[in-house]
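Heads up: the structure comes next, in structure tokens.
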2 protein chains.
Amino acid sequence: MRKADKVTVDVISQKAGVSTATVSRVLNDSPLVHPKTKRKVLRIVQELNYVPNALARNLSLNRTDTIGAILPWVASGFYSELLRGVDDVARAAGYHIILGICHDREQGPELALKYIREQRTDGLIILDPVLDEPILDEIRRQNVPFVLIDRTVPSQHVNTIMIDDFNGARNMTRHLIEEGYQNILFITGDLQSYDARERLRGYQEAIEESQLAQKKELVIESNFTREDVVPKIAKYVEKNLLPDAIFCSNDEMALGVYRYLLENDYKIPDDVALAGFDGIDTIDFLGITTAKIPMHDLGAAAARLLVDQLVKGRSGGDTPALQPQKVMLQTELLIRKSTLNPKKAAKLVENGPIQTKLVGEKRREPLL
Amino acid sequence: MRKADKVTVDVISQKAGVSTATVSRVLNDSPLVHPKTKRKVLRIVQELNYVPNALARNLSLNRTDTIGAILPWVASGFYSELLRGVDDVARAAGYHIILGICHDREQGPELALKYIREQRTDGLIILDPVLDEPILDEIRRQNVPFVLIDRTVPSQHVNTIMIDDFNGARNMTRHLIEEGYQNILFITGDLQSYDARERLRGYQEAIEESQLAQKKELVIESNFTREDVVPKIAKYVEKNLLPDAIFCSNDEMALGVYRYLLENDYKIPDDVALAGFDGIDTIDFLGITTAKIPMHDLGAAAARLLVDQLVKGRSGGDTPALQPQKVMLQTELLIRKSTLNPKKAAKLVENGPIQTKLVGEKRREPLL
DNA sequence: TTGAAAGCGCTAACAC
DNA sequence: GTGTTAGCGCTTTCAA
């Protein structure tokens, strides 16, 4: 665009025969401008197809109308739901989303800090399970509102949206136990991350309360990825007996295990039951039991919290800041064919109707 | 952050005993500044943990270092791959991504124009199969570089990354024909969109060259969604015979059909073959044949093209603009169990080895 | 090599 | 109600 034909407040003000201040007032719906002037200005604005330069406006107002979303890129499809949630409420509140994809562990915090320091964003939504305290302190020191997703911070005033990983995993394990499985292999995610630890805890709790033996060899550690889990489950099965059931800390790993089992002619759930965690689409199609995380809600809740902060912050100069909140979202246990114990079912049929509730696409033909 | 402790070029320049111009030069690696001064300034910058305000910088430079990515949100997981591709190359070139999710048909163009007019982005990547000419003209008139994905514009100088939908669909259809299927039902996407039309054309072309009869009732129109396709395929099957094979214009619809078939006890591929288009993960796990679109490459190529434009544009003031390019990416035919004709296979076993190449996870146990 | 000063395009005190 | 003017924080001529 030629410099000449760039239309700015100045151009408008001249054409309208008013000052730039008045133009600005009109544009910002100030009440103290004469209707007639307003109309005239608006007409010119229309005519010249004028749109204020966001950069200049923001510099002046010292804000960006932008929210940074810092996310890891594992299981990309999974997080896109979350992003959609964030976008929905952010856009409704007039905020834009700037994407901060951290490709590996180190980049997340770096990116977050960069955005803040450069003042590119008014606030941040951070999903990074391994963010450590020092970094968090550094972020806090910048005095920019932010919301953490699925990550607790001990005793600190931080807005957080949590997933009840503990209960999710406990309920899943209880379900497996109820189905009559006794040797339940649990595959953890990277234990550096909060959610991995919580899910493990949930599993252990359920085992304990059931009086089943806590066998140490029934927990193996992986890292939430499909690739990593396959050799590990292979090695496990070679060394030990096949467990009754395998509970993977996330669906990605469940997919890896699923593939392994099929390739080795193990039938699910006849030879071994399988459960995941997350609720991704593929798992649904394969008829695998999982604990669904409400990703959209997660994003929406985070954005809601952040937007509230931002709006509060910009209205009343010195209104008391909002109390930091912790929101906890529950997972939904989606029971499917992969964990329905055929032996138990057979027995139940003799004795009466099957009690286990099938959730979701109920009447679908089992796929396995 | 208190106004007082906000550190700006001014603060730095004072502490360093130089002018703001010099500080700016140091920050921008200008060669004409004495090494000693430079060192001093950098030390202060370090000490005060100074990071330039992007807003101010950008206003001054009249750019944003930001690329807008306008995408629809259908099949979210699918597009996230693309976004990743865009992000990879954009970030490497120092650009940020601002997300423009258009939730419905109308919002895409609107959003694109808004970003441009507000000068929030230096350039745009637009994936919107139904963008019409007038809007496109309007965008072009803004004189902001942009790249279109999977959308041709007749005889116009526009950067475009295309998918070879035509060949992809033709190859798929040929494959089905080779497998001995004769009644191949084709389910189109929304024919308003370019890719839907191209895929249909590919199908028709393959049918024609094979001398099979072009039966009009073998094409039904849907809209690329899982929900829409189910009643349509149901109605079709009730009215007509079950076709030999069903070729869906995208994987989402293939999933819908898959579910329908299973629920009605049709075996794949024994009763009917099934093929999709896109190459999403779920389809892989279900063992359904598809034509894989290289989403990551698509995004990366688009970003590459755009970044080249931007860099060119900002270096040489008046260097000749880059020629608009059209890049065409090929799909990859992933043949899986769902389209391998059991009858043909049986025959082949009598006569020799099976010739059809299995692509991908070759030795996997068929899932169906 | 460096500094002074004029913008970039908009907003907001303050004065009229 | 409206205009003047001084910023917002940085870059970049132009002069020295």
Side-chain angles (χ1 to χ4, degrees), chain A residues 1-42 44-45 48-65 116-120 122 314-315 317, chain B residues 1-42 45 48 50-65 116-120 122 314-315 317:
Chain A
M1 189 175 305
R2 289 262 155 281
K3 187 169 182 170
D5 50 355
K6 200 180 234 175
V7 23
T8 68
V9 262
D10 271 307
V11 178
I12 303 290
S13 69
Q14 273 163 38
K15 290 240 178 198
V18 297
S19 72
T20 62
T22 299
V23 175
S24 178
R25 288 195 192 99
V26 170
L27 262 26
N28 293 294
D29 262 333
S30 161
L32 18 74
V33 40
H34 194 98
K36 207 167 165 183
T37 334
K38 183 165 180 175
R39 242 175 291 134
K40 189 179 3 170
V41 171
L42 283 179
I44 313 256
V45 166
L48 272 54
N49 223 318
Y50 168 72
V51 179
N53 178 328
L55 240 40
R57 181 156 201 277
N58 290 339
L59 176 61
S60 206
L61 293 173
N62 191 28
R63 68 168 194 228
T64 62
D65 296 334
I116 297 181
R117 291 226 184 87
E118 288 186 342
Q119 296 165 66
R120 266 183 204 283
D122 295 346
R314 84 188 179 203
S315 69
Chain B
M1 189 176 302
R2 288 263 155 280
K3 186 167 183 172
D5 50 355
K6 199 181 235 174
V7 24
T8 69
V9 263
D10 270 306
V11 179
I12 303 290
S13 69
Q14 273 163 38
K15 290 239 180 201
V18 296
S19 73
T20 61
T22 300
V23 174
S24 177
R25 288 196 190 97
V26 170
L27 261 27
N28 292 293
D29 263 332
S30 161
L32 18 73
V33 40
H34 194 98
K36 207 168 165 183
T37 332
K38 183 166 180 174
R39 242 175 293 133
K40 190 183 357 172
V41 171
L42 284 178
V45 165
L48 270 56
Y50 169 71
V51 178
N53 179 328
L55 239 40
R57 182 155 200 277
N58 290 339
L59 176 60
S60 208
L61 293 173
N62 191 27
R63 69 169 193 223
T64 62
D65 295 334
I116 297 182
R117 291 227 186 86
E118 288 187 342
Q119 296 166 66
R120 266 182 202 283
D122 295 345
R314 83 187 179 203
S315 68

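In what follows, every chain begins at residue 1, and chains take the letters A, B, ... in the order their sequences are listed. Computed from a prediction, not measured in an experiment: that's the story for all the values here.
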Residues 31-41 of chain A side chain polar contacts: donor-acceptor under 3.5 Å, at least two apart:
from	atom 1	to	atom 2	distance (Å)
A:T37	OG1	A:H34	O	3.2
A:K38	NZ	A:D29	OD1	3.2
A:K40	NZ	A:A16	O	3.3

What pairs with A:R57 under salt bridge (charged side-chain N to carboxylate O under 4.0 Å, His left out), at least two apart in sequence or on another chain?
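With sequence neighbours excluded, A:R57 shows a salt bridge (charged side-chain N to carboxylate O under 4.0 Å, His left out) to no residue whatsoever.
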
Full working for side-chain contact (heavy atoms from CB on, under 4.5 Å) between B:N62 and B:Q119:
CA-CA 9 Å; B:N62 191 27; B:Q119 296 166 66; 3.9 Å; yes

Using five base pairs at each end, measure the axis-to-axis angle across the helix from C:dT1-D:dA16 to C:dC16-D:dG1 and round it to 10 degrees.
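That helix gives 40° between its end axes.
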
Stretch residues 51-64 of chain A: residues that reach within less than 4.0 Å of DNA chain D through a heavy atom:
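A:L59, A:S60, in order of number.
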
Euclidean distance, atom NZ of residue B:K36 to atom P of C:dT2 [Å, nearest integer]
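B:K36 atom NZ is separated from C:dT2 atom P by 11 Å.
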
Expressed in angstrom and rounded to an integer, what is the separation of B:L27 atom CG from D:dT12 atom P?
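Interatomic distance, CG of B:L27 to P of D:dT12: 12 Å.
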
Start with the C-alpha gap between B:L59 and B:L55, add the side-chain angles, then the distance that decides, and say whether side-chain contact (heavy atoms from CB on, under 4.5 Å) holds.
CA-CA 6 Å; B:L59 176 60; B:L55 239 40; over 6 Å; no

Let's see if you get this right: which residues in residues 11-25 of chain A place a heavy atom under 4.0 Å from DNA chain C?
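Hits under 4.0 Å, by residue number: A:A21, A:S24, A:R25.
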
For a 4.5 angstrom cut-off between non-hydrogen side-chain atoms, does B:R117 reach A:N53?
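Side chain of B:R117 against side chain of A:N53, heavy atoms only: no contact under 4.5 Å found.
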
Under the side chain to side chain donor-acceptor pair (under 3.5 Å) test, residues paired with B:S30 that sit two or more places apart
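Partners of B:S30 under the side chain to side chain donor-acceptor pair (under 3.5 Å) test: none.
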
Using a cut-off of less than 4.0 Å, is there contact between a side-chain N or O of B:Y50 and OP1 or OP2 of D:dG9?
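It does not, given that no N or O in the side chain of B:Y50 lies less than 4.0 Å from OP1 or OP2 of D:dG9.
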
Ignoring backbone atoms, establish whether A:T37 has a side-chain N or O less than 4.0 Å from OP1 or OP2 of D:dT2.
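A:T37 to D:dT2 OP1/OP2: side-chain N or O found under 4.0 Å.
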
